[in-house]
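What's counted below: heavy atoms across the whole structure, side chains too, no hydrogens, waters or symmetry copies.
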Amino acid sequence: MGGRTVALDRDTIPATQIRSQGHVIWHDPAMGEAFDPRLFEPDWLARNGLVTGRSTGRNEALFLHVDGLDLVLRHYFRGGLVGRLNRDLFLRQPVARSRAMAEYALLSWMERQGLPVPHPVAARFTPVAGLTYRADIITRTLPGTRTLAAALAQGPLPAQDWAAIGSAIARMHGADVDHADLNCRNILLDDTGRIWLIDFDKSRHRADGPWKRANLERLKRSLLKEARLHPAVTWDAAGWQALLNGYAAPA
């Protein structure tokens, strides 16, 4: 199972590509020959005591501790009405354009620009009989973080945190990255007050346009929905204005 270096779309970001039991895998070249394709196999991970937890909901994920590293394994699921009939199969396309590889490439590029995103470890493309495939991605965890939704459930955020969130989104937009699902569960705050952005499935580079305002409006809708579903969640117009102020402030 030899690996080869592949060049990704933006600034020739490297990844090592291997093929294992029909799968195509890209992984961080720094892992070298130590990378184990079985890291994508939940049953094997569980049998070997490498699973430390799991998230729930449509974007369920496994939290892993492997060789001193804390990782997150996320399988790609379909959402909406389609997801009720087709849980995780996607129409076949070139490997480099598949869901996991595209997100791996984008995260790699964003990390190189100094943007607050998790480090991508590996991505897997699994062809399925016919014209479909399944996909998985592994990233490093972000220790000491909680989602914006969880933070708001514990009490109001200070204006400086709202401003920091706005600033992080502005930096992402300054790099012309359109987050396909910017919501209050894809924004994390860590113990030091730093903001992180996660889950870049279907996100992409785009020329400047109204999509940036649409990202912000999507986030606001998610906050309104969270407050409606969970009365403990607290936020107000002043907090949102502080976010907008942080977004508009010079970098």
Pairwise distance CE(Met172) to CD(Gln113) - rounded to 0.5 angstrom: 14.0 Å

Enclosure of Leu131 CG (heavy-atom neighbours >12, cutoff 6.0 Å): no

Verdict with supporting geometry, Arg134 and Leu89, side chain to side chain contact (heavy atoms under 4.5 Å, CB included): CA-CA 5 Å; Arg134 292 187 173 96; Leu89 293 176; 3.7 Å; yes

Connected via hydrophobic side-chain network under 4.5 Å: Leu182 and Ile195: yes

Gln21 side chain reached by Pro37 side chain, heavy atoms, under 4.5 Å: no

Gap separating the CH2 atom of Trp26 from the CD1 atom of Ile137, nearest 0.5 angstrom: 10.5 Å

Ile169/Leu216 under side chain to side chain contact (heavy atoms under 4.5 Å, CB included): CA gap, chis, key distance, verdict: CA-CA 9 Å; Ile169 297 170; Leu216 293 170; 4.1 Å; yes

Backbone N/O of Leu50 and side chain of Asn48: donor-acceptor pair under 3.5 Å: no

Heavy-atom closest contact (Phe40 atom, Ala122 atom, distance): CZ-CB, 3.7 Å

Considering all heavy atoms, the nearest Ala175-Leu115 contact: CB-CD1, 3.8 Å

Path from Trp162 to Leu188 over hydrophobic side-chain contacts below 4.5 Å: no

Interatomic spacing from OG1 in Thr141 to CG in Leu71 - rounded to 0.5 Å: 7.0 Å

Side-chain donor/acceptor of Ser167 to backbone N/O of Ala163, under 3.5 Å: no

Sub-4.5 Å side-chain heavy-atom contact between Leu223 and Leu152: yes

ILVMFWY network linking Ile25 to Leu69, side-chain heavy atoms under 4.5 angstrom: yes

Minimum heavy-atom distance between Leu39 and Leu64, given as atom pair plus value: O-CD1, 4.2 Å

Pair Glu111 + Arg140, salt bridge at N-O below 4.0 Å: no

Non-hydrogen side-chain atoms of Val24 and Arg19 separated by less than 4.5 Å: yes

Ile187 vs Leu219 side-chain heavy atoms within contact, under 4.5 Å: yes

Carboxylate-amine/guanidinium proximity below 4.0 Å for Glu41 and Arg124: yes

Full working for side chain to side chain contact (heavy atoms under 4.5 Å, CB included) between Thr145 and Ile198: CA-CA 11 Å; Thr145 57; Ile198 64 170; over 6 Å; no

Heavy-atom closest pair, residues Ala180 and Ser203: N-OG, 3.0 Å

Donor on one side chain, acceptor on other, Thr126 and His23, under 3.5 Å: yes

Closest heavy-atom pair and its distance - Ser55, Phe63: N-CE1, 3.7 Å

Flag side-chain contact, heavy atom, 4.5 Å: Trp211 against Arg204: no

From Leu45 atom CG to Arg38 atom CZ, the distance as rounded to the nearest 0.5 Å: 9.5 Å

same_hphob_cluster(Leu106, Trp196) at 4.5 Å side-chain heavy-atom cutoff: no

CA sep, side-chain torsions, deciding dist, call: Trp235, Glu226, side chain to side chain contact (heavy atoms under 4.5 Å, CB included): CA-CA 10 Å; Trp235 70 284; Glu226 197 71 20; over 6 Å; no

Heavy atoms of other groups near Arg54 CZ, more than 12 under 6.0 Å: no

Sequence-distant partners of Asp176, salt bridge (Lys or Arg N to Asp or Glu O under 4.0 Å), two or more places apart: Lys212

Ala135 backbone acceptor or donor facing His75 side chain under 3.5 Å: yes

Carboxylate-amine/guanidinium proximity below 4.0 Å for Asp199 and Arg74: yes

Exercise: do Asn186 and His179 side chains pair donor with acceptor under 3.5 Å: no

Distance, nearest 0.5 Å, that separates CD of Glu103 from OG of Ser98: 11.0 Å

Tyr76 versus Ala100, closest heavy-atom pair with distance: OH-CA, 3.3 Å

Residue Asp236 excluded, over 12 heavy atoms near CG under 6.0 Å: yes

Phe90 side chain near Val128 side chain, heavy-atom distance below 4.5 Å: no

Donor-acceptor contact present, side-chain Tyr133 to main-chain Val95, <3.5 Å: no

Interatomic distance, Phe125 atom CZ to Arg97 atom CZ [nearest 0.5 angstrom]: 11.5 Å

Tyr247 reachable from Leu197 in the ILVMFWY side-chain graph, under 4.5 Å edges: yes

Beyond-backbone contact of Val121 with Met31, side-chain heavy atoms, under 4.5 angstrom: yes

